[in-house]
Amino acid sequence: MSQKYRLESGGLIDRNKKLSFTFDGKTYTGYHGDTLASALLANGVRLLGRSFKYHRPRGLIAAGSEEPNALMQLENGAYTEPNTRATCIELYDGLVATSQNRWPNLEHDFGAVNSAVARFLPAGFYYKTFMWPASLWMTYEKFIRKAAGLGVSPTKPDPDVYHSRYDHCDVLVIGAGPAGLAAASTAAASGARVVVVDEQSQPGGSMLGSKQSDQYSQWQENTVASLTQSANVRMLPRTTLTGYFDYNYLTAVEKVTDHLGPGRGGDKPRQRFWKIRAKQVIIAAGSIERPLVFADNDRPGVMLANAVDTYINRYGVIPGKDIVVFTNNDSAYQTAINAAAHGATVTVVDTRKSISEALQASLKTADVRLFKGHAISSVQGSKGIHSVRVMELSADGKSVGGQAWQIDCEIVANSGGWTPSVHMFSQSGGKLHYDKNIEGFVPDTSKAKRINPNFSVGACNGKFSTKDCLAEGVKAGSDAAAACGFTAAPGSLPSVDDDGMGHIEPLWLVPTVHPVGEGSAKHFHDFQNDVTAADIHLAAREGYLSVEHLKRYTTTGMATDQGKTSNLNALAIMAEIRGAQIPEVGTTTFRPPFTPLTFGAIGGQESGELFLQERHTPMHASHVANGAVFEDVGDWKRPWYYPQAGEDMHAAVQRESYAVRQSVGILDASTLGKIDIQGEDAAEFLEMIYTNNWKKLGVGRCRYGLMLNEHGMIFDDGVTTRLADDHFHMTTTTGGAARVLGWLEEWLQTEWPDMNVYCTSVTEQWAVAALNGPRARELLSSVSDIDCSNDAFPFMSMREGTIAGIPARVYRISFTGELAYEINVPARYGKKLWDTLLEAGKPFDLCQYGTETMHVVRAEKGFIIVGQDTDGTVTPLDMDMDWIVSKTKADFLGKRSFMRSDTSQEGRPQFVGLLTKDPQVVLPEGAHIVAEVKDAPPMQTLGHVTSSYMSPNVGRSIALGLLRNGLNRKGDTVTLRLMNGDVIEAEVTDPVFIDQAGERTRG
Amino acid sequence: MFIINCPYCGERDQTEFTCHGEAHIARPKETENLTDEQWGEYIFFRTNPKGMHYERWVHAHGCRRWFNALRNTATDEIFATYEVGAPKPPAPEKHS
Amino acid sequence: MAEQTPARISALSGHIIPGHHGVEGSGVTIKEVPDLMLWQMAAWADTVDRAASQVAQQSGMGSVPGFAAATGNHQRALLRIEPLKFWVFGASVSSESSDQSVVLDLSHSRTHLRLTGDNATDLLNSYMPIDLRERSFPVNSVASTAFHHVGVTLWRSDAGFELFIPRGFALSLWELLQDAALQYGLTVEP
């Protein structure tokens, strides 16, 4: 019969909606409202996976996100996702799950041999064994990764869409259990903006898995309804808080459509990543039941007591018909009574000798047998349990003795107490203190980080009774609202009288007839990382006493689990070994994420095509239509070259470069940085920014300028034009535009605030088409009302006019050494300008050219590109540009550094031309000029090639570079040694290869 | 991820800002009269405290104004933000 | 000007597809407002009051907004984008600088989108780390911030959110907006 462990009635499931799913290829059914875990349990499937290291059979331990064992490979193909917790997967029709870490299958796993040789796989095994030789680590690693493999990553692109967003609120409430709901409703009633995140599909927290009074149920229903309807409240179900960062910046993942099944979300994202900034945070994250550490406590069927309760109450599933409840505190009695009430045969084994009369009486009423002062000394069965042995505990709890009672059972429901979920408080930078009453760490609010104002309420604060949870929630809700400037009037609360965990007597390690580490039994405290009490003993023997060492040596508390069920047990066992108190051992730092999250969610919608923003010039559509191949320059998409039919890049660039010097070329120069500089002190300001003089520049005139940083190194360059006495138009390199604007503003605001100057980027305001070549004037004159004669419009000047009716500023400046005009028009006219010029240019053999040709032709003239021919270690003198450095100005940025011993020394790398002996050889950029060729590096380097091209206009290869003492070495032959071993000789020359007199550009 | 109280815009997200190191370092006057040591002190040397630090920030993606902040580099608590040119606010004696 | 200037071409030309996109319903409506007219006026600490009053009067605003605020409406407004810097929206300013202030035409430098609808804040918060709740960002609030690493300016006018994007980035940011809007139901107005 299917679902034979499903109860006849009860639970928050919809029995009218039957769902079909497969696990390891076998088909099962469950109901809407099930998790994959509850549905498997209903079908009696208890063996769900193999453990990480020993490949031991494992089943469910928990019902929530603390589950360490039941990690599933969910779905196939592109949708597959490894290591998903069966307890957190809402069942949908057609779900496909596969167990992990086993081969060939779950029942027969070869890796289980690890278990037989477990004595050879102790803590630190990998460190010890694979340490040497280091060169072999890469070899070892492959095998280790395979052997230790959990799930399998998808190999296809992620087909899902994700969304990431910011949100702001006054009060963020983490957890929608009693404490969280009380806090949220109190804060919300004050008018504060409240966000409530909760990892479950519906609010209620622990109460979803518990029996509730009618009064409480009514209160919860009303509270949730009111919160859901409030305009100032955002309820986020299926949302896990993943990280708590400074200034109350918290991240959460909302599983928006995961529960519908893969590919069924439509236009909604699969998951949403919330980046929430909260004025106040209320942590109501609850607590996690911790297992008792007893012999073979990892057998499938050993579960946490509250998980058994939750499966019964929330999912209508009884995990087994014969149940042993094993506990050291009162809370598990509720499980025993509940299970018995649902037809199970139940035995309670309590490690305590003294138990309250009321509890004993309640067991009697429920017909549950009780062993006081006893412990489970062994568990029988491997892929499932068939019985346990129970023996009497010694007074000190260190040994067992007397008669061994054998009790047949399928399920052991155990409770070692409750651990407050302090992860979020810990992530916020808060410190913890140990509360002996509850045997657990709780937030020490006196040691919270001040920039992260928060409250911990309810079970995560060590308050386990519902009454305390509600009271703390109301108080925090009110206080948090008040801190945001709102006044809260607490509403009415239901009366509840459970007492949470009740009394606890810790027993951190349950003894067996053998000492720990001897015999075949294993006492696990960390199921996910497969770490046992014996490993802690070993770590202690080998000196790894501090908690941080213990963690790394044994791997306890690591990975996706983050010590949810294991942390305190590990600390306590170490404390016992050291004879220390638990707080003396310390706590580890809990790290984000609380539970694993997908990279997809973090990336959000900004992935794939949308990952990197692109910047387009106003002429972009024309370039696309004209077949340009684009180059990325910063964010800009710039035409690189315009291949014609049958041309490769080399052919296209040679043709374009030739055309620029033979007829006329047109370049989209819109990307050049453009900065509008205005104010009465503008000229004075430029005097400080540039190395040369600006005060006497005439209106309408242009000048080339070099900017240095305070180290005297070249920082940027460009042409600046005086538009009016107090108004300049500066151009910068494409890549340096933002940096230069920031640089100008920095100096104006921080050093010279008395200067009346404003700098504004106008890069986006102007579209720029640069005409270069001997026929540029003819072309411009044919479309413009500007007098372009050499006298009326000389080199290095600007004229305003119209081009085909478009208002334009035309700058006669040149980056090619040819007659050239840079035509600036307002951006929305840019495409029209381009298309007009292309058409009008036909009679003049106008040729579109891209950035590669721009590089070639400027190199023919020895024009530098800052950032390519310079690298931040180069002064103007190194570049043989002392003609641009004013000798008369008292000061400018970087000037003083010229006098530094290093900058002024002889023989620094200096800018030269390089001509290879073989004119057909194009040197690779970056190639080193060496003092002496050797077979292999190291070789003393004298400099390197910064630019290198085949030049159609010079008729041979040309190169530029930096060479030690290069200015004095012109005519020398130097040797370059390439990466592939080739040796090339080149002559050191002047860097200007064409028109050294500069006549073409002025003509 | 900090919240930074821009003296002009109020509290805004750290992504809008960039930090530019130690504040209150004035560019020397008459630089040609400085020794190499004095000039070197200005261009190369900065403090790097664990604790209170006066530093320069710019609201690059906001109002583009430069300002100074007093921040504890160990806890990232920002005790004050103030306009360029304003005097250093005193560091609190006790701070977390 | 001697000749009639040719038609202006938007950075989004050919990329705006009017109609409904994404899930049912219309959570967000986006419209590109064409032919933006935007002038900048920057004054000095000792002249800002006079210069601002003057420009407010010229542009017909009457009153001068405080920092990070605007006066006017979605057709014509004065935005104070920095303590001493203003944007005149929907009108031009005499381009002659005075000793009180400097002015600059930025009309072509930005693409102007108007976002309206119940989910407009959700959409903007997909990219902007700004608290856009009515209480924190009421009508006529102005903020410059980062949108996918790009500096943009947002103004809440009487008509909705007015977003000014550097022209070169307009297409990329438009694609990002459109993508994130599908989940809310997007209406693109012609």
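Lettering of chains follows the sequences in order, A, B, ..., and the numbering in each one begins at 1.
In summary, A/Arg450 and B/Asp76 do not engage in a salt bridge, as defined by a charged side-chain N under 4.0 Å from a carboxylate O. A salt bridge does not link A/Asp891 to B/Lys29: none of the charged side-chain nitrogens sits closer than 4.0 Å to a carboxylate oxygen.
B/Thr81 contributes a side-chain N or O that, together with a main-chain N or O of B/Asn5, makes up a donor-acceptor pair within less than 3.5 Å. Checking side-chain atoms of A/Lys889 against main-chain N and O of A/Asn692 turns up a donor-acceptor pair under 3.5 Å. Side chain of A/Thr242 to backbone of A/Phe594: no donor-acceptor contact under 3.5 angstrom is found.
Contacts with chain A (heavy atom to heavy atom, under 4.5 Å) involve these residues of residues 18-26 of chain B, listed by number: B/Ile25, B/Ala26. Contacts between residues 60-71 of chain B and chain A, defined by a heavy-atom separation under 4.5 Å, are made by B/Arg64, B/Arg65, B/Trp66.
Comparing A/Ser901, A/Ser897, A/Ala738 by how many heavy-atom pairs each has under 4.5 Å with chain B, the most go to A/Ser897. The candidate with the highest count of non-hydrogen atom pairs below 4.5 Å against chain B, out of A/Glu746, A/Glu751, A/Arg900, A/Met899, is A/Glu746.
For the 3.5 Å distance criterion, the side chains of A/Ser886 and A/Thr888 qualify, holding a donor opposite an acceptor. Using modelled atom types, one finds no donor on one side chain facing an acceptor on the other under 3.5 Å when comparing A/Tyr166 with B/Asp13. Between the side chains of A/Asp716 and A/Thr732, not a single donor N or O lies within less than 3.5 Å of an accepting N or O.
Neither the backbone nor the side chain of A/Phe898 has a heavy atom closer than 4.5 Å to any heavy atom of chain B. For A/Leu893, the parts sitting under 4.5 Å from any heavy atom of chain B are the backbone and the side chain alike.
The number of heavy atoms from other shown groups lying within 6.0 Å of CD (A/Gln905) is above 12.
When A/Thr251, A/Ile283, A/Leu172 are each tested for a side-chain contact (heavy atoms from CB on, under 4.5 Å) with A/Tyr244, only one passes: A/Ile283.
If you look at A/His711 and B/Phe44, their ring centroids are closer than 6.0 Å.
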